[in-house]
Amino acid sequence: MFDDQKGWVKVSDEEIVKRNPKSIITTAKYADDAVGVIKSRKGWEDIDAVKNDHVHLLDENVTSWTKDRGSC
């Protein structure tokens with residue numbers, strides 16, 4: 001969704017709403033129900049990912065490991 005950006009990018013809520021993602025994947029653990037917090041953000045109710053229940057919590061280990069886990 002932000003392939004036109006380089007490196008770590010700080011993205012505003014307004015830009016996410018504007019780009020209207022079809023899915024949202026988070027590793028956030030700032031709340032007991034991070035998915036619920038994301039889905040209840042003011043102004044996000046019209047985002048396709050929220051409307052179609054495509055907001056998902058991904059275990060942070062899945063994205064942070066750089067080594068082949070098959071050999072662990």
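We're numbering straight along the sequence, starting at 1.
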Checklist entry - From Lys22 NZ over to Lys51 NZ, what is the distance, rounded to the nearest 0.5 angstrom? => result 11.5 Å

Checklist entry - Taking side chain as C-beta onward, heavy atoms only, is Val55 less than 4.5 Å from Val50? => result yes

Checklist entry - Between CD1 of Ile47 and CG of Asp13, what distance do you get to the nearest 0.5 Å? => result 8.0 Å

Next on the checklist: Nearest 0.5 angstrom please: Ile24 CD1 to Ile16 CD1, how far?
Outcome noted: 6.5 Å

Checklist outcome for this item: Sorted by chain and residue number, the salt bridge (charged side-chain N to carboxylate O under 4.0 Å, His left out) partners of Arg19 (sequence neighbours excluded) come out as Asp4, Glu15

Checklist entry - Which heavy atom in Asp53 sits nearest to a heavy atom in His56, and how many Å separate them? => result O-CE1, 4.1 Å

Item to check | Side-chain (Glu45) to main-chain (Gly43) donor-acceptor, under 3.5 angstrom | outcome: yes

Next on the checklist: Taking atom CG as the centre, does Asn52 end up with more than 12 heavy-atom neighbours from other residues, nucleotides or ligands that are less than 6.0 angstrom away?
Outcome noted: yes

Next on the checklist: So, taking the atom named CG in Leu57 and the one named OG1 in Thr27, what distance separates them when rounded to the nearest 0.5 Å?
Outcome noted: 7.5 Å

Next on the checklist: For a quick test of reading the model, state the closest non-hydrogen atom pair linking Ala31 to Val37 and the distance between them.
Outcome noted: CB-CG2, 3.9 Å

